[in-house]
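Below: the structure, in structure tokens.
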There are 2 protein chains.
Amino acid sequence: MGAVNIKKLAFELNLSAATVSRALRDSHEISRETKIRVHEMAKKLNYEPNPFASSLRKQKSKTIAVIVPEIANNFFSLAINGIEEVARERDYHVLIYQTHESSEIETSFLMRLLSGRVDGILISLACENVDKEQLKRISDQLPVVFFDRVHDDIEGVKIITDDYESAYNAVQHLIENGCKKIGYLLALNTLSTGKNRLQGYLDALKCNVLQDDKGLIMQSGANNDENYALIKNFIAEQKPDGILSSIEELAMPCYFACKELQLNIPNDLKLISFSNLAHAELLNPSLTTINQPAFEIGLEAAGILFKIFNKRWYEPNETIILKSNLIKRESTRAIL
Amino acid sequence: MGAVNIKKLAFELNLSAATVSRALRDSHEISRETKIRVHEMAKKLNYEPNPFASSLRKQKSKTIAVIVPEIANNFFSLAINGIEEVARERDYHVLIYQTHESSEIETSFLMRLLSGRVDGILISLACENVDKEQLKRISDQLPVVFFDRVHDDIEGVKIITDDYESAYNAVQHLIENGCKKIGYLLALNTLSTGKNRLQGYLDALKCNVLQDDKGLIMQSGANNDENYALIKNFIAEQKPDGILSSIEELAMPCYFACKELQLNIPNDLKLISFSNLAHAELLNPSLTTINQPAFEIGLEAAGILFKIFNKRWYEPNETIILKSNLIKRESTRAIL
DNA sequence: TATTATTCCGTAAACGTTTACGTAAATAAA
DNA sequence: TTTATTTACGTAAACGTTTACGGAATAATA
């Protein structure tokens, strides 16, 4: 602990602790000269106010929590980057929690945050089914903003991307470049995010009077190894000529599976994926991606949370939709 | 705030707050039956102890701070992942701060943390020159563990990788595969991390009686655009046949520069980089990397911090070195 | 001059815990 | 039986702020 507290500071200045406190918070009740004296002494003694005493008294923590499935993920780390920037501008602190897709862990974090440790929560939900009761209890008690991984059944402010349109356009792009049998690598299907992507895929097929076979939808497995096996099998059996992957993690194994199966991307199979990979351009072949504005989502989500803090937000159930970017690259190039 | 506090709980139970507090912390002074009653009522009323009151009284925050240059970075997000896991096991909270390589921001974070908000700090230093005075003041007041980005002049526990050997071996690998004129993309040179990597490069050249020209060392610039221009220029003018990049961010532009200059990797130029890119395998050509055990570094650093908390660490200046992994891929393949 | 308003600061209580100290009752030892 | 010990709990102070309330001194107004 910083050995110097407000009492010591007050003693040195021949003032009361109350005056010092007010001077530091720039209260109008304190004279200009006193304020200067206080600030100078505070600097001289390296006084740092005790945040716990302050939080306890003010019932404000100046801290927000960010709950995400994984930190080591291109999308989430960018989003956290955005959140941290906004928080720093506001002199807020950011607590990080990762659920590893477990709703049990998620719920336990949320419960612990009911203690008042944070003034608000930014959360991207785990894939496992959420405990809606608990989540309701939380969001009744403190501001919660959902981002990207959201759930229709849960009310609240949500920042998402145009998942439906993105998936739809991606499939359209595949079709325009010659695909007739388009597979879908399914994930996040317990969440609205995943449902919207899937629906975009399905509707695009329907609009183009293309095969809409259940067999063309591959549900992801429990881990990377399993996913690889599933994907390889899926490609080998279904022989799709185009694939839309709903998450980056499922697109990468496609490269390896195609190599193994001696299939050429994009000639034998065109691939497109939701992804925030920074180096999609450098892949072999470069990967056509649906790029979500992850950093901006972080900025927006945090910005709204602060608006809620400041009572400048009046739409408790508004959903804000940011546009993703379809970046066309080699992996979906039409055959000449 | 959770409306129910320890006094309400005590009132409901016809006990004193002191007894309730002790029962919750499993004190031996409380009878078994009372403990059970208290726990049941606490669960029933959804009691969550106020962390600020607790921290204020106990002078413990159950929180650690992680300060890194960037969150959206393969290495750091993996390290944070490791740190978060260790913290969660211990029921600790993790605060995240990013400096964007500014030592001014870094210092301001550190100063704010002197308030006692955290019990300890894990830090990976910014490239700009550190304010050693300030850092000394911090580490005198609370436990600090440095990881990866460390500085020789600053005392403390450090978790690093075998940068010197890694760079040395990387150059050796380039030489073995036919390189005669090896360039170095310099970064982090204000830190021991960067100095060690550079020295490994230099010594490997010396041992192989190879050209050791100042011109072959390219100092990185201020941003991505500048780096790209510098690198393109560097390759065009110096015409190295091998390059060791000290950070991932400088290796990627090499791909683009080579494409622009119509140089083939690995035939015209072999490339190797310190990198934690998950998909180095999929690059075109796949990139030979020096892979740091980022996740493990996070685990180790956090583990040591907790040992310090528990007075189970007696080496205030120990440096722990984890081994990086040289993964040989296409970008350094010997010409047949 | 008397009254009111303004400026500037101090006193003390409050935030919700934890813990040193005290104590009554029950049990053990002498 | 008397004394010492143990068990189980309560009282109250402390952690370091913030803020409601009050009050003295000065300035403004009647």
Side-chain angles (χ1 to χ4, degrees), chain A residues 1-39 41-42 45-63 91 112-119 141, chain B residues 1-39 41-42 45-63 91 112-119 141:
Chain A
M1 290 285 134
V4 40
N5 57 26
I6 206 170
K7 285 179 193 165
K8 196 165 291 178
L9 201 55
F11 176 81
E12 295 292 332
L13 288 160
N14 254 359
L15 288 171
S16 74
T19 301
V20 173
S21 174
R22 279 187 281 239
L24 290 172
R25 336 197 87 256
D26 203 31
S27 159
H28 64 276
E29 296 186 81
I30 304 298
S31 73
R32 169 174 288 278
E33 19 183 1
T34 303
K35 281 181 187 171
I36 294 173
R37 280 182 62 219
V38 169
H39 276 102
M41 185 63 81
L45 300 188
N46 274 110
Y47 169 71
E48 284 285 339
N50 182 303
F52 304 122
S54 176
S55 290
L56 178 59
R57 177 58 225 249
K58 296 205 292 186
Q59 309 282 53
K60 290 250 170 225
S61 64
K62 286 219 126 200
T63 306
D91 269 313
R112 282 169 63 196
L113 291 177
L114 272 186
S115 63
R117 187 180 287 275
V118 297
D119 295 340
Q141 298 220 22
Chain B
M1 290 285 133
V4 40
N5 58 24
I6 206 170
K7 285 179 194 166
K8 196 164 290 179
L9 200 56
F11 176 80
E12 295 292 330
L13 288 159
N14 254 358
L15 288 172
S16 74
T19 301
V20 172
S21 174
R22 279 186 280 240
L24 290 172
R25 336 196 88 253
D26 203 31
S27 158
H28 64 277
E29 296 185 81
I30 304 299
S31 73
R32 168 174 289 277
E33 20 184 359
T34 303
K35 281 180 188 172
I36 295 174
R37 279 183 61 220
V38 169
H39 275 102
M41 184 63 80
L45 300 187
N46 276 109
Y47 169 71
E48 284 285 340
N50 183 302
F52 304 121
S54 177
S55 290
L56 179 58
R57 178 57 225 248
K58 295 206 293 184
Q59 309 282 51
K60 290 248 170 227
S61 64
K62 285 219 128 199
T63 306
D91 270 313
R112 281 168 67 195
L113 291 177
L114 271 186
S115 62
R117 188 181 286 274
V118 297
D119 296 339
Q141 297 219 23

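Proteins get letters first, then strands, A, B, ... in listed order; numbering begins at 1 in each.
- Atom P of nucleotide D:dT18 and atom CG of A:Asp26 are separated by 13 Å, given to the nearest angstrom.
- When each of A:Ala53 and B:Lys35 is assigned the nucleotide of DNA chain D bearing its nearest heavy atom, the one mapping closer to the 5' terminus is B:Lys35.
- Atom CG of A:Asn50 is separated from atom P of C:dT17 by 16 Å (rounded to the nearest Å).
- Shown here for A:Leu45 and A:Val4, the closest heavy-atom pair between the two residues is O-CG1, 3.3 Å.
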Donor-acceptor contacts, no H, no angles, side chain residues 11-19 of chain A, under 3.5 Å, sequence neighbours left out:
| from | atom 1 | to | atom 2 | distance (Å) |
| --- | --- | --- | --- | --- |
| A:Ser16 | OG | A:Ala18 | N | 3.4 |
| A:Ser16 | OG | A:Thr19 | N | 3.2 |
| A:Ser16 | OG | A:Thr19 | OG1 | 3.1 |

Can you give me the N/O atom pairs linking the protein to nucleotides 19-24 of chain C at distances under 3.5 Å, or say none if there are none?
| from | atom 1 | to | atom 2 | distance (Å) |
| --- | --- | --- | --- | --- |
| C:dT19 | O4' | B:Arg57 | NH2 | 3.2 |
| C:dA20 | N6 | B:Arg22 | NH1 | 3.3 |

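- Inter-residue side-chain proximity for A:Ser115 and B:Asn50 is flagged as unmet; no heavy-atom pair is nearer than 4.5 Å.
- Straight-line distance from the CG atom of A:Asn5 to the P atom of D:dT18: 12 Å, rounded to whole Å.
- Between the C1' atom of D:dG16 and the OH atom of A:Tyr47 lies a distance of 7 Å, rounded to the nearest Å.
- A heavy-atom distance below 4.5 Å is not found between the side chains of A:Leu114 and B:Asn46.
- Every residue meeting the side chain to side chain contact (heavy atoms under 4.5 Å, CB included) condition with B:Lys62, not counting sequence neighbours, appears here in chain and number order: B:Asp91, B:Tyr92.
- Regarding B:Leu56, its CG atom lies at a distance of 9 Å from the C1' atom of D:dA14, rounded to whole Å.
- With sequence neighbours left out, the side-chain hydrogen bond (donor to acceptor under 3.5 Å, both in side chains) criterion links B:Thr34 to B:Ser31.
- Rounded to 10 degrees, the angle separating the terminal axes of the helix from C:dT1-D:dA30 to C:dA30-D:dT1 is 50°, with each axis obtained from five end pairs.
- Remark: P of C:dT17 and NZ of B:Lys8 are 11 Å apart, rounded to the nearest angstrom.
- The shortest side-chain heavy-atom distance between A:Tyr47 and A:Leu24 falls under the 4.5 Å cut-off.
- In this view, A:Arg25 satisfies the side-chain hydrogen bond (donor to acceptor under 3.5 Å, both in side chains) rule with no residue, not counting sequence neighbours.
- For D:dA14, neither phosphate oxygen OP1 nor OP2 lies less than 4.0 angstrom from any side-chain nitrogen or oxygen of B:Gln59.
- Summarising the geometry, the separation between CZ on A:Phe52 and P on D:dT18 is reported as 14 Å, rounded to the nearest angstrom.
- To the nearest angstrom, P of D:dA13 lies 14 Å from NZ of B:Lys7.
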Quiz item: Are B:Ser61 and B:Asp119 close enough, and set up right, to give a side chain to side chain donor-acceptor pair (under 3.5 Å), and what steps lead you there?
Solution: CA-CA 6 Å; B:Ser61 64; B:Asp119 296 339; 2.8 Å; yes
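- Considering only side-chain N and O atoms, A:Ser31 lies nowhere under 4.0 angstrom from the phosphate OP1 or OP2 of C:dT7.
- Contact check, B:Ser55 against C:dT17: no side-chain N or O comes under 4.0 Å of OP1 or OP2.
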